[in-house]
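Have a look at the structure below, then the notes.
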Protein chains: 2
Amino acid sequence: MGVRALQKEKTRRALVDAAFNQLSAERSFSSLSLREVAREAGIAPTSFYRHFKDMNELGLTMVDEGGLTLRQMMRKGRQRAEAGGSVIRISVDTFVEVLESNPNVFRILLHERSGTSAAFRAAVAREIEHFISELSHYTEATAGRTPMLARVQAEALVTLVFNAGASALDMKRADRKVLADHLVLQLRMVAKGAEALQHKVETK
Amino acid sequence: MGVRALQKEKTRRALVDAAFNQLSAERSFSSLSLREVAREAGIAPTSFYRHFKDMNELGLTMVDEGGLTLRQMMRKGRQRAEAGGSVIRISVDTFVEVLESNPNVFRILLHERSGTSAAFRAAVAREIEHFISELSHYTEATAGRTPMLARVQAEALVTLVFNAGASALDMKRADRKVLADHLVLQLRMVAKGAEALQHKVETK
DNA sequence: TTATTGGGCGTACAGTTGTACGCCAATTTA
DNA sequence: TAAATTGGCGTACAACTGTACGCCCAATAA
């Protein structure tokens with residue numbers, strides 16, 4: 001890759017990173033202005049256009065990138081689980097770790113999931129769909145669940161996890177522990193309940 | 001009440017209604033400007049201050065009002081359930097009805113729950129807490145659940161319902177039916193699972 | 001070597017925002 | 001009746017926004 005393309009990539013990264021860094025509990029992506037991001041990245045406002053058509057395009061890039069990051073980390077966690085131990089417990093712990101090390105990645109997904117741009121909502125939905133689908137297959141395979149029940153169960157699990165993540169963002173470490181315990185209980189409820197419903201169908 | 005106070009109340013309502021009416025899938029409260037709301041309400045921008053300190057105060061009013069509306073409607077639904085039939089099914093149906101007749105009330109709660117203002121998040125959390133608490137007591141009383149388990153269970157139920165509501169906002173009627181069915185299944189899973197967990201504790 | 005490309009910049013402009021200030025007129029109070 | 005209160009308005013201003021346009025110059029292509 002030429003010197004030129006390399007420098008371009010570097011600036012592009014600076015923009016993405018600048019945007020991520022400006023996110024916080026008090027600052028959502030949609031509240032960032034093009035000029036702010038450019039300023040933080042150390043380039044002129046008009047230079048922004050050399051990399052993205054508009055802020056929307058930047059945001060979608062961030063969602064995709066964030067979703068990928070999240071999935072990679074969760075996959076690593078699942079590998080850890082295969083070494084033995086409760087899948088649920090280990091997955092929750094992994095999730096909490098991810099949350100703590102990448103709060104802003106999680107923020108943009110969380111916020112734009114119910115945001116005002118249809119494109120954003122669709123992008124986040126796609127990322128979440130990845131999670132549901134992976135989990136659904138996993139449950140089908142290991143618990144012998146009906147495809148339909150597996151799907152509904154996976155949706156419930158992912159919903160509960162994401163939602164807990166949202167609450168966790170505002171908390172301190174101690175409260176997060178309690179939350180994690182509650183979450184584990186809730187996930188177990190769903191798992192047990194799904195099992196019960198399955199038996200009911202089978203014996204009918 | 002004097003003529004004066006009456007007129008004031010009327011304008012105040014006009015402001016709140018104007019704000020609610022401007023909400024949509026593409027427009028969140030935080031994206032509304034004071035001037036827009038004033039324009040829609042038919043008053044001068046500066047007159048806004050005769051009624052609210054700033055947009056934040058308007059928003060909090062809307063959250064409180066919206067939460068109240070929601071709770072009242074759900075309570076009516078629960079009364080309907082007492083006449084017989086599945087509590088879960090009837091509650092879900094009620095919820096869907098509420099959603100369809102007051103989408104914007106639901107929107108502001110949903111969006112500001114993960115919004116950028118701590119005050120808003122707290123206000124929404126308070127409203128949701130009402131739901132959880134009511135439901136938790138209900139489950140304790142009718143299913144004889146442990147307070148702690150009842151609480152965790154209620155949290156899960158409310159989370160699932162709210163989340164389904166969020167997805168439903170974007171859908172057409174037919175898809176909403178499917179969603180409602182899934183939701184009912186998920187709620188049953190949690191109920192069954194909670195029961196199972198309770199027995200486990202009791203027989204130990 | 002010369003010509004082309006393209007990332008970055010500065011200037012410029014029109015639009016929108018929140019809000020300070022002062023006035024008016026009608027209701028309310030004294 | 002006279003005085004005080006108050007909801008509503010218009011004007012004004014500084015801050016900020018997105019983005020069109022044209023220039024520069026270093027990397028690349030011919």
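Quick note on labels: first sequence line is chain A, next is B, and so on, each numbered from 1. Values below: all heavy atoms of this structure, side chains included; hydrogens, waters and symmetry mates excluded.
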Discussion item. Without decimals, in angstroms, what is the distance between B:Glu9 CD and D:dG8 C1'?
Written reply: 17 Å
Fill in: Ion pair check, A:Arg13 and A:Glu65, cut-off under 4.0 Å
yes
Discussion item. For C:dT28, does the base pair up with any side-chain atom of B:Arg4 as donor and acceptor (N or O, under 3.5 Å, distance only)?
Written reply: no
Worksheet item: Salt bridge or not for A:Arg71 and A:Glu134, using N-O below 4.0 Å?
Response: no
Worksheet item: How close or far is atom P of D:dT17 from atom CG of A:Leu32, stated in whole angstroms?
Response: 11 Å
Worksheet item: Starting at CG of A:Asn56 and ending at P of D:dT19, how long is that distance when rounded to a whole Å?
Response: 11 Å
Worksheet item: Taking all atoms of both residues into account, what is the closest heavy-atom pair of B:Val158 and B:Leu135, and its distance?
Response: CG2-CD2, 4.1 Å
Worksheet item: Which ones in residues 34-43 of chain A lie close to DNA chain D, meaning a heavy atom under 4.0 Å from one of its atoms?
Response: A:Leu34, A:Arg35, A:Glu36, A:Arg39
Worksheet item: Under a 4.0 Å N-O cut-off, is there an ion pair linking A:Arg27 with A:Glu36?
Response: yes
Worksheet entry | Length of the NZ-C1' vector between A:Lys8 and C:dG6, whole Å | 8 Å
Worksheet, complete the sentence: When B:Pro45 and B:Arg50 are each assigned the nearest nucleotide of DNA chain C, the 5'-most assignment goes to B:Pro45
Item to complete: Please report, rounded to the nearest Å, how far the C1' atom of C:dC9 is from the CZ atom of A:Phe48.
Response: 16 Å
Worksheet item: Tell me: CG of A:Leu6 to C1' of C:dG7, nearest whole Å?
Response: 14 Å
Worksheet item: Think A:Ser47 has a side-chain N or O under 4.0 angstrom from the OP1 or OP2 of C:dG7?
Response: no
Worksheet item: Are B:Phe95 and B:Phe106 near enough that their ring centres are under 6.0 Å apart?
Response: yes
Worksheet item: Looking at B:Leu149 and B:Leu197, what are the two nearest heavy atoms and their distance?
Response: CD1-C, 4.3 Å
Worksheet item: Is the closest basic N to carboxylate O distance between B:Glu129 and B:Arg151 below 4.0 Å?
Response: yes
Worksheet item: What does A:Ser33 touch in the nucleic acid at a heavy-atom separation under 4.0 angstrom: a base, only the sugar-phosphate, or nothing?
Response: sugar-phosphate
Worksheet, complete the sentence: Here the distance between atom C1' of D:dC9 and atom OH of B:Tyr49, to the nearest Å, is 14 Å
Discussion item. Whole angstroms only, please: what is the CD-P distance between A:Gln7 and C:dG8?
Written reply: 6 Å
Worksheet item: If only side-chain N and O atoms of A:Thr46 are considered, is one of them under 4.0 Å from the OP1 or OP2 phosphate oxygen of D:dC21?
Response: no
